[in-house]
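One structure, pasted below without further comment.
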Amino acid sequence: MSDDEADISLGSMFTEPPRPPTPEPSIAVYNRERPGRTGIEDWKEIDIRLVGTHPLWGNYLWNAARAFASYLDEHLDIYQDKCVLELGAGGALPSIVAVKNGARKVVITDYPDDDLVKNIELNVETNISILNRERVSIQGYIWGRPIDPLLNALPKTHPEPSFDLIILSDLIFNHSQHDALLTTCEAALAPAPSESQGTSSSPSVLVFYSHHRPHLAHRDMEFFQQARERGWFCEEILTRKFAPMFPNDSGEESIRSTVHGWRLTRS
């Protein structure tokens with residue numbers, strides 16, 4: 001079977017056991033932790049619409065997304081006037097923060113499902129001014145596939161047909177998709193100029209996640225082992241405690257409630 005003929009249905013790509021769905025779309029509010037920071041838009045909060053139910057968990061605003069939003073709001077230098085790609089965006093909170101704070105272009109992607117893509121479009125319309133929506137491209141995209149449509153969304157004047165920052169927010173629990181995620185990141189990330197290698201301004205992949213199933217934490221961490229084997233330099237840059245998303249889930253609560261942030265750069 002060729003790659004083009006491979007089964008790309010949701011059931012074949014994401015084999016994690018489903019959680020009980022929420023019945024209706026909902027709104028989650030992200031409040032800016034330090035109002036008054038610079039950007040192209042003045043903002044205090046972001047309203048994120050969440051789909052009512054979905055097998056890819058788009059019906060939750062995950063703690064990793066909140067931690068990501070806060071981190072991006074603190075570290076504008078890594079994406080201001082640069083090009084950003086988010087994979088598996090869900091409600092797209094980190095991407096929206098990047099747009100509002102001055103990213104040159106943000107390409108927001110999730111699985112090519114109408115409910116997910118339309119929901120991202122609604123969140124952009126709600127939170128991004130009309131003047132700045134040209135900074136956004138929203139696309140359905142399957143990890144590991146050719147990235148030409150993503151690169152075609154970049155400004156024609158961008159010096160490299162690639163991205164300066166790639167956002168992976170709470171994706172590595174999809175263990176079967178580690179290879180596909182890394183394949184896309186390798187194809188999409190800009191090469192590092194020699195003077196910026198190893199610095200915070202070097203083109204990078206930011207990976208934020210929680211161990212939702214502590215007994216499978218070692219499987220989550222295989223993502224970074226595989227990345228190292230493929231030539232990435234991986235470093236943990238953040239740990240942050242939240243209230244657990246699902247208090248009644250099994251496993252140690254302190255593990256489930258912690259968000260970890262990692263930076264991947266080309267070694």
*What is the ring orientation for Tyr30 with Trp43, classed by angle as parallel under 30°, tilted 30 to 60°, or perpendicular over 60°?*
tilted

_Whether Arg133 side chain and Glu125 backbone form a donor-acceptor pair below 3.5 Å_ = yes

_Would you say that Trp143 contacts Thr183 through its side chain, given a criterion of any heavy-atom pair below 4.5 Å between the two side chains?_
no

*Just by modelled atom types, is the Leu154 backbone N or O under 3.5 Å from a matching donor or acceptor in the Arg104 side chain?*
no

*No-hydrogen, no-angle side-chain donor-acceptor test under 3.5 Å, Glu222 and His175*: no

*asked:* Please find the pair of heavy atoms, one from Phe224 and one from Val207, that lie closest to each other, and give the distance.
replied: CZ-CG1, 4.0 Å

*For the residue pair Trp62 and Phe246, categorise the inter-ring angle as parallel (less than 30°), tilted (30 to 60°) or perpendicular (more than 60°).*
perpendicular

*To the nearest 0.5 Å, tell me how far Asp47 CG sits from Leu93 CG.*
10.5 Å

*Mind listing the closest non-hydrogen atom pair of Glu86 and Ala92 along with its distance?*
OE1-CA, 4.0 Å

*Could you go step by step and tell me if Glu74 and Arg34 meet the side-chain contact (heavy atoms from CB on, under 4.5 Å) rule?*
CA-CA 9 Å; Glu74 287 287 328; Arg34 296 192 179 184; 3.0 Å; yes

*Please work out whether the ring planes of Tyr209 and His211 are parallel, tilted or perpendicular, with thresholds of 30° and 60°.*
perpendicular

_Test item: Glu41 side-chain N/O and Ser129 main-chain N/O as donor-acceptor pair under 3.5 Å_ = yes

*Are any of the side-chain nitrogens in Glu33 or Arg240 under 4.0 Å away from the carboxylate oxygens of its partner?*
yes

*Is the backbone N or O of Asp148 less than 3.5 Å from a side-chain atom of Asn152, with the two atoms forming a donor-acceptor pair by type?*
yes

Listed pairs under 3.5 Å, donor-acceptor, residues 159-170 side chains, sequence neighbours left out:
from: Asp164; atom 1: OD2; to: Cys83; atom 2: N; distance (Å): 2.8
from: Asp170; atom 1: OD1; to: His212; atom 2: NE2; distance (Å): 3.0
from: Asp170; atom 1: OD2; to: His212; atom 2: NE2; distance (Å): 3.0

_Ignoring hydrogens, what is the shortest heavy-atom contact between Thr258 and Lys241? Give both atom names and the distance._
OG1-NZ, 2.7 Å

*Looking only at non-hydrogen atoms, find the nearest pair between Trp232 and Glu186 and report the distance.*
NE1-OE2, 3.3 Å

_Partner residues of Arg135 under the side chain to side chain contact (heavy atoms under 4.5 Å, CB included) criterion, sequence neighbours left out_ = Ile40, Val99, Asn132

*Write down the atom of Pro155, the atom of Lys105, and the distance for their closest heavy-atom approach.*
CD-CB, 3.8 Å

*Determine, using the 4.5 Å side-chain heavy-atom cutoff (strictly less than), whether Ile128 and Leu122 are members of one ILVMFWY cluster.*
no

*Determine, using the 4.5 Å side-chain heavy-atom cutoff (strictly less than), whether Phe233 and Val205 are members of one ILVMFWY cluster.*
no

_Residue pair Asn123 / Arg49, side-chain donor-acceptor N/O under 3.5 Å_ = no

*Could you tell me whether a side-chain N or O of Arg32 sits under 3.5 Å from a main-chain N or O of Asp73, the two making a donor and an acceptor?*
no

*In the single-linkage hydrophobic clustering (I, L, V, M, F, W, Y; side-chain heavy atoms under 4.5 Å), do Phe223 and Met221 co-cluster?*
yes

*Validation row: Leu171, Gln177 side chains within 4.5 angstrom (heavy atoms)*: no

_Would you compute the distance between atom NE2 of His75 and atom CZ of Arg263 and round it to the nearest 0.5 angstrom?_
7.5 Å

_Ser257 vs Asn63 side-chain heavy atoms within contact, under 4.5 Å_ = no

*Does the side chain of Tyr79 come within less than 4.5 Å of Asn101's, by heavy atoms?*
yes

*For Glu229, does the CD atom have more than 12 heavy-atom neighbours from other residues, nucleotides or ligands under 6.0 Å away?*
yes

*Return yes when atom CG of Asn31 has more than 12 non-hydrogen atoms of other residues, nucleotides or ligands closer than 6.0 Å, and no otherwise.*
yes

_CG on Leu50 to CD1 on Ile48, rounded to 0.5 Å_ = 7.5 Å

_Leu182 CG to Leu264 CG distance, which is reported to the nearest 0.5 Å_ = 7.5 Å

*Enter the distance from Ile120:CD1 to Ile138:CD1 here, rounded to the nearest 0.5 Å.*
6.5 Å

*Does the distance from a Lys or Arg side-chain N to an Asp or Glu carboxylate O, for Glu121 and Lys118, drop under 4.0 Å?*
no

_In the structure I gave you, are the side-chain heavy atoms of Arg230 and Asp179 within less than 4.5 Å of one another anywhere?_
yes

_Applying the side chain to side chain contact (heavy atoms under 4.5 Å, CB included) criterion to Ser210, which one of Ile255, Asp220, Ile172, Val259 satisfies it?_
Val259

*So how far is it from Tyr141 OH to Asp110 CG, rounded to the nearest 0.5 Å?*
12.5 Å

*asked:* How close do Arg66 and Ala28 get, counting heavy atoms only, and between which atoms?
replied: NH2-CB, 4.1 Å

